[in-house]
S.K.: 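There's a structure below that I have some questions on.
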2 protein chains.
Amino acid sequence: MATGRTHRPATRSRGIPEATVARLPLYLRALTALSERSVPTVSSEELAAAAGVNSAKLRKDFSYLGSYGTRGVGYDVEYLVYQISRELGLTQDWPVVIVGIGNLGAALANYGGFASRGFRVAALIDADPGMAGKPVAGIPVQHTDELEKIIQDNGVSIGVIATPAGAAQQVCDRLVAAGVTSILNFAPTVLNVPEGVDVRKVDLSIELQILAFHEQRKAGEEAAAEAAVPAAARKESTDQGPDGDVPAVMPA
Amino acid sequence: MATGRTHRPATRSRGIPEATVARLPLYLRALTALSERSVPTVSSEELAAAAGVNSAKLRKDFSYLGSYGTRGVGYDVEYLVYQISRELGLTQDWPVVIVGIGNLGAALANYGGFASRGFRVAALIDADPGMAGKPVAGIPVQHTDELEKIIQDNGVSIGVIATPAGAAQQVCDRLVAAGVTSILNFAPTVLNVPEGVDVRKVDLSIELQILAFHEQRKAGEEAAAEAAVPAAARKESTDQGPDGDVPAVMPA
DNA sequence: CCATCTTTGTGCACGCGTTCACAAAGACAT
DNA sequence: ATGTCTTTGTGAACGCGTGCACAAAGATGG
Ligand SMILES: NC(=O)c1ccc[n+]([C@@H]2O[C@H](COP(=O)([O-])OP(=O)(O)OC[C@H]3O[C@@H](n4cnc5c(N)ncnc54)[C@H](O)[C@@H]3O)[C@@H](O)[C@H]2O)c1
Ligand SMILES: NC(=O)c1ccc[n+]([C@@H]2O[C@H](COP(=O)([O-])OP(=O)(O)OC[C@H]3O[C@@H](n4cnc5c(N)ncnc54)[C@H](O)[C@@H]3O)[C@@H](O)[C@H]2O)c1
């Protein structure tokens, strides 16, 4: 980024810590499930278990929203669903465009999870002229030429990028220029955006690599600790112990 | 060197901080691009810009791997690609199974990014008997009944879950019981796993909700700051200013 | 109205991650 | 060799997030 001295303390997140914001959808999901089972109230302990977090953390998270619980009883499920929904901005409708209707884009378009919570697929956009007009998930694909018009006509502020990596930055620039201020990026690229635009990325490849790291570590420790009972002999190759600091040959 | 000291804190992640591990794939991707352009060396500043991070952070990250740079020059691209690949465990082959070959599962199976880095789709598994044998992305889908056998025969330790949420925990349990110790979960559910099993989740819905939160905040601040030039009048309903603390009516 | 019991809300301490800033290392020219 | 210039590697400070532990709040029963 290297923009000049923004002299404020980072992002200024309306008082609610970013880590908390990231967990609110998790709580909301658990609460919605309880709501559907007509459970009237829930304790921090129970809800925390359902959401897979620490109960103290959950209580602290909720404390940022206000004092919505009742001591000795717990939290009113319906009320909390409403409060979190409102806090997350889910009480309003968010039109979303998906750009790049290939394998992934089509899967996203077909995904039912969108409509369930305030999000509505306003348009599907692709650069392939052959796709124009073809319906995917009941919505006709539109050509990239109309991107700007679509954004403006529908008041779209959230865009999803599912194009190949090479096209992502260009698509991103156009989205931002047209008025989009939040982007969910599935392409494996770093997107450069002006200040005020939020980008979140979903990167399958990175997730797998992180898993591989831990997997390798587990295998290494296992081999180092118990030099017996090798459940199923695999991973051979170099295999030079857990701390492979042998510097090989530094190519100067 | 860093082998001694058994009174280490908590989980002991092989010395490399988790946050660093999560960035290594990012660096690797940038380095691979440089490598393909035959760039011999790169400075921390350049590489950091390409990866979208702070240069000091990048140097510190690399310092956990060892002293692979040359002062006054930078880092040798090829060497660093190798070192990071090795650290992430990408020098070996990781067979992966995908369970749940619906919209998303099929897209994942077709994704080329798997094979590019050590990951290989060993099998596609689905519960629908009608899909058994049908090829997706050139690989015949196999029935869930064979899950255990597939895992064992191929020595699979990484599994991807792309089933509906309701089936995810059950599938997870079977994968774990069969020997899988790393899971990438696309279903919107919290997975319970025994210790030693890593789970990472990719949750589109959560990402969108986080974006919506910030989007709403931006709209709120904008409306509060400049009470003029309302780009496109939307968001009506209650619309009670940025800090909606009006407690409505607490349903007791 | 009082006692007891449950559960929230939060003060506090601690550890992790980020960033600054700079000494040291080495390349390169003279 | 010696000096200059570039860039690394890291000490140190700081801020954020987490989790413990407990006082206060309020429900519930007698
Ligand atoms: N498929 C997956 O499971 C998966 C997983 C992780 C990441 N990704 C990433 O998601 C992206 C899409 O993956 P995919 O498998 O759907 O690829 P794909 O090739 O099937 O689809 C890409 C689509 O984008 C369109 N497109 C290309 N340039 C465009 C442009 N400038 N504007 C608009 N549309 C454009 C193409 O016409 C095509 O329909 C890729 O970047 C991929 O790396 C995919
Ligand atoms: N499609 C998306 O873009 C998207 C995005 C985010 C999350 N998700 C999540 O990913 C999951 C899959 O989404 P989808 O759109 O592909 O759904 P889908 O209904 O198209 O596919 C689900 C597949 O799983 C199979 N299945 C069901 N139970 C199974 C079991 N016990 N064992 C093995 N296979 C089983 C079904 O036969 C089906 O083929 C869902 O949980 C969804 O919420 C999807």
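Letters A, B, ... mirror the listed sequences (proteins, then strands); counts begin at 1.
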S.K.: Would you jot down, in residue-number order, the residues of residues 39-51 of chain B having a non-hydrogen atom under 4.0 Å from DNA chain D?
M.R.: Ser43(B), Ser44(B)
S.K.: Short question: side chain of Ser35(B), backbone of Leu31(B) - any donor-acceptor pair under 3.5 Å?
M.R.: no
S.K.: May I ask you to check whether Tyr68(A) and Tyr75(A) place their ring centres under 6.0 Å from each other?
M.R.: no
S.K.: Between the side chains of Arg59(B) and Ser44(B), does any donor sit under 3.5 Å from an acceptor?
M.R.: yes
S.K.: Round to a whole Å and report the spacing from CG of Asp76(B) to P of dA27(C).
M.R.: 13 Å
S.K.: Can you measure Glu18(B) atom CD to dT18(D) atom P for me and round it to whole angstrom units?
M.R.: 14 Å
S.K.: Could you tell me the separation between the CG atom of Leu58(B) and the P atom of dG17(C), rounded to a whole number of Å?
M.R.: 16 Å
S.K.: Taking only side-chain nitrogens and oxygens of Tyr68(A), does any of them come within less than 4.0 Å of OP1 or OP2 of dT7(C)?
M.R.: no
S.K.: Checking side-chain polar atoms at under 3.5 Å, does Thr32(B) have a donor or acceptor matched by the opposite partner on Arg117(B)?
M.R.: yes
S.K.: Nucleotide by nucleotide, 5' to 3', does protein get under 4.0 Å of the base (B), only the sugar-phosphate (S), or neither (-) in nucleotides 19-30 of chain D, counting heavy atoms?
M.R.: BBB--BB-S---
S.K.: Would you mind reporting whether Ile16(B) and Asp61(B) have side-chain heavy atoms less than 4.5 Å apart?
M.R.: no
S.K.: Which is true for Phe62(B) with a 4.0 Å heavy-atom rule: it touches a base, it touches only sugar-phosphate, or it touches nothing?
M.R.: nothing
S.K.: Provide, to the nearest angstrom, the distance between the CZ atom belonging to Arg23(B) and the C1' atom belonging to dG17(C).
M.R.: 8 Å
S.K.: Between Gln83(A) and Tyr79(A), does any side-chain donor sit less than 3.5 Å from a side-chain acceptor?
M.R.: yes
S.K.: For the residue pair Thr41(B) / Asp76(B), report whether a side-chain donor-acceptor contact shorter than 3.5 Å exists.
M.R.: no
S.K.: Under 3.5 Å, is there a donor-acceptor pair linking the side chains of Gln169(A) and Thr189(A)?
M.R.: no
S.K.: Would you say Lys201(A)'s side chain and Ile183(A)'s backbone share a donor-acceptor pair under 3.5 angstrom?
M.R.: no
S.K.: It should be established whether Tyr64(B) places a side-chain nitrogen or oxygen under 4.0 Å from OP1 or OP2 of nucleotide dC16(C).
M.R.: no
S.K.: What is the distance, rounded to the nearest whole Å, between atom CG of Leu65(B) and atom P of dG9(D)?
M.R.: 10 Å
